[in-house]
Amino acid sequence: MYEKTYPKKRFQITLDFLNKHVAKEAAILDLGVENPLSKIMKADGYKVQNTTGEDLDENQEVLKNAHYDVMTAFEIFEHLLNPYTVLKNCKAKKIVISVPLRLWFSSAYKSKTDVWDRHYHEFEDWQLDWLLEKCGYKITDRKKWAHGVNKLGIRPILRKFTPRYYMVVAEKI
């Protein structure tokens with residue numbers, strides 16, 4: 001199902017979490033353009049509509065106008081300047097979000113070649129929890145996991161056991 005270049009572990013953990021919490025018949029609005037994970041979700045039987053690359057900090061029309069039961073945002077919120085506005089404009093009763101966690105031993109990610117591939121936020125778990133609560137959501141399940149890299153050095157060793165990703169499912173209250 002996965003190509004060798006895809007982050008298989010992260011995608012499998014995400015798909016398992018989604019299968020645990022979201023019915024296959026639910027209409028999903030996945031923030032971000034179609035990508036390998038959204039293709040895997042579709043292949044697994046989910047009805048997924050992706051956003052089309054609009055700047056969600058500036059334009060939330062898709063959140064207001066699309067038909068969806070669940071909103072997913074897998075590694076999207078760290079790129080937004082204002083995820084609060086996105087959450088406040090979301091119509092879904094249920095959301096599933098994953099973010100990279102802030103690592104104490106590494107600075108925030110910033111691509112040297114792609115101006116859009118940068119992290120404005122790298123959350124601590126309590127920060128995402130607080131954001132969701134402030135926007136009227138109650139977290140019903142959460143998961144953290146480490147994702148090591150196959151390199152030598154102190155930071156690669158720390159990445160093998162330091163949680164790097166945080167995923168939640170939350171319902172509007």
Side-chain angles (χ1 to χ4, degrees), residues 1 6-7 9-102 109 116-145 147 163-173:
M1 180 182 230
Y6 295 162
K9 177 182 176 183
R10 181 169 53 91
F11 287 176
Q12 189 61 59
I13 289 170
T14 302
L15 189 61
D16 291 346
F17 194 81
L18 201 61
N19 282 327
K20 181 179 175 184
H21 295 289
V22 177
K24 300 281 181 167
E25 56 274 358
I28 297 174
L29 177 63
D30 184 41
L31 302 187
V33 297
E34 187 176 56
N35 58 74
L37 180 55
S38 61
K39 289 177 183 177
I40 290 168
M41 291 165 55
K42 288 175 185 175
D44 198 54
Y46 286 102
K47 297 186 295 186
V48 180
Q49 171 191 350
N50 285 89
T51 55
T52 58
E54 60 270 50
D55 183 345
L56 294 171
D57 281 317
E58 297 288 336
N59 178 358
Q60 294 92 37
E61 289 304 310
V62 67
L63 296 166
K64 297 173 188 174
N65 298 326
H67 167 73
Y68 56 103
D69 305 308
V70 177
M71 182 186 79
T72 58
F74 300 119
E75 276 95 273
I76 295 295
F77 276 22
E78 67 274 13
H79 300 281
L80 298 175
L81 299 176
N82 190 3
Y84 175 86
T85 305
V86 170
L87 287 167
K88 289 303 274 188
N89 283 290
C90 175
K91 298 185 310 187
K93 299 281 188 226
K94 183 182 281 189
I95 56 176
V96 183
I97 298 170
S98 66
V99 294
L101 291 169
R102 183 182 171 281
Y109 174 73
W116 296 107
D117 190 18
R118 296 178 178 177
H119 291 181
Y120 185 77
H121 301 280
E122 285 194 350
F123 293 87
E124 292 186 35
D125 55 359
W126 68 268
Q127 291 171 306
L128 182 62
D129 293 356
W130 188 26
L131 173 65
L132 293 171
E133 290 169 15
K134 192 168 177 104
C135 291
Y137 288 90
K138 179 182 178 190
I139 296 172
T140 58
D141 197 8
R142 52 178 55 92
K143 181 173 185 66
K144 283 193 236 182
W145 70 95
H147 194 272
R164 175 60 172 151
Y165 295 101
Y166 182 54
M167 185 165 27
V168 300
V169 60
E171 296 181 5
K172 197 169 270 190
I173 50 177

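Listed for the Lys24 side chain is a donor-acceptor partner under 3.5 Å among the backbone atoms of Asp44. Put simply, the side chain of Tyr68 gets close to the backbone of Lys91: a donor and an acceptor are under 3.5 Å apart. Using a distance-only test at 3.5 Å, with no hydrogens or angles considered, a donor-acceptor pair links the side chain of Gln127 to the main chain of Glu124. For Lys47 (side chain) and Glu25 (main-chain N/O), a donor-acceptor pair under 3.5 Å exists by modelled atom type. With hydrogens and angles disregarded, a donor-acceptor distance shorter than 3.5 Å links the side chain of Asn50 to the backbone of Gly32.
Distance check: Leu131 CG to Trp126 CH2 gives 11.0 Å after rounding to the nearest 0.5 Å. Atom SG of Cys90 sits about 5.5 Å away from atom NZ of Lys172, to the nearest 0.5 Å. The distance from the NZ atom of Lys42 to the CD1 atom of Ile28 is 10.5 Å, given to the nearest 0.5 Å. Interatomic distance, Leu80 CG to Glu58 CD, rounded to the nearest 0.5 Å: 11.0 Å. For the atom pair CG of Leu18 and OG1 of Thr72, the computed distance is 7.0 Å after rounding to the nearest 0.5 Å.
When all heavy atoms of Glu34 and Lys39 are compared, the pair lying nearest together is OE1-CE, 3.6 Å. When every heavy atom of Ala92 is checked against every heavy atom of Met71, the shortest pair comes out as CB-N, 3.6 Å. Smallest separation of non-hydrogen atoms from Val48 and Ser38: CG1-CB, 4.2 Å. Contact between Ala73 and Leu31 at its shortest, heavy atoms only, is CB-CD1, 3.9 Å.
Partners of Phe17 according to the ring pair (Phe, Tyr, Trp, His ring centres under 6.0 Å) rule, which considers only residues two or more places apart in sequence or in another chain, are His21.
Within the 4.5 Å cutoff, the side chain of Glu61 has no heavy atoms near those of the Asn89 side chain. Taking the side chain as every heavy atom from C-beta outward, Phe77 and Leu56 never approach each other to under 4.5 Å. Inter-residue side-chain proximity for Leu87 and Ile95 is flagged as met; some heavy-atom pair is nearer than 4.5 Å. Taking 4.5 Å as the limit, some side-chain heavy atom of Ile97 sits within range of a side-chain heavy atom of Leu128. Looking at Asp30 and Thr51, their side chains never come closer than 4.5 Å, going by heavy atoms from C-beta outward. For the pair Val169/Lys94, a side-chain contact is recorded, criterion being any heavy-atom separation below 4.5 Å from C-beta on. Residues Val70 and Leu29 are not in side-chain contact: their nearest non-hydrogen atoms beyond the backbone lie 4.5 Å or more apart. Two residues are said to be in side-chain contact when any heavy atoms from C-beta on lie closer than 4.5 Å; Val99 and Glu75 fail this criterion.
Tyr165 pairs with exactly one of Trp145, Phe123, Phe11 by the ring-ring contact (aromatic ring centres under 6.0 Å, His included) rule, that one being Trp145.
Within a 6.0 Å radius of NZ in Lys138, no more than 12 heavy atoms belonging to other residues, nucleotides or ligands are found. Annotation: Lys134, atom NZ; neighbour count of heavy atoms from other residues, nucleotides and ligands within 6.0 Å does not exceed 12.
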Between Tyr137 and Asp129, does a side chain to side chain donor-acceptor pair (under 3.5 Å) hold up when you go through it step by step?
CA-CA 9 Å; Tyr137 288 90; Asp129 293 356; over 6 Å; no

Criterion side-chain contact (heavy atoms from CB on, under 4.5 Å) on Val168 and Val96, from CA distance to verdict:
CA-CA 6 Å; Val168 300; Val96 183; over 6 Å; no

Criterion side-chain contact (heavy atoms from CB on, under 4.5 Å) on Asp69 and Lys93, from CA distance to verdict:
CA-CA 7 Å; Asp69 305 308; Lys93 299 281 188 226; over 6 Å; no

Is there a side-chain contact (heavy atoms from CB on, under 4.5 Å) between Phe74 and Met41 once you walk through the steps?
CA-CA 12 Å; Phe74 300 119; Met41 291 165 55; 3.8 Å; yes

With side-chain contact (heavy atoms from CB on, under 4.5 Å) as the criterion, how do Ile40 and Leu15 come out once you've worked through the C-alpha distance, each side chain's angles and the decisive distance to 0.1 Å?
CA-CA 8 Å; Ile40 290 168; Leu15 189 61; 3.9 Å; yes

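Between the side chains of Thr85 and Gln60, not a single donor N or O lies within less than 3.5 Å of an accepting N or O. Neither side chain, Asp57 nor Asn82, offers a donor N or O lying under 3.5 Å from an acceptor on the other.
A salt bridge links Asp141 to Lys20: at least one charged side-chain nitrogen sits closer than 4.0 Å to a carboxylate oxygen.
A cation-pi arrangement is not found for Arg142 relative to Tyr166, the charged atom failing to lie both closer than 6.0 Å to the ring centre and inside a 45° cone about the ring normal.
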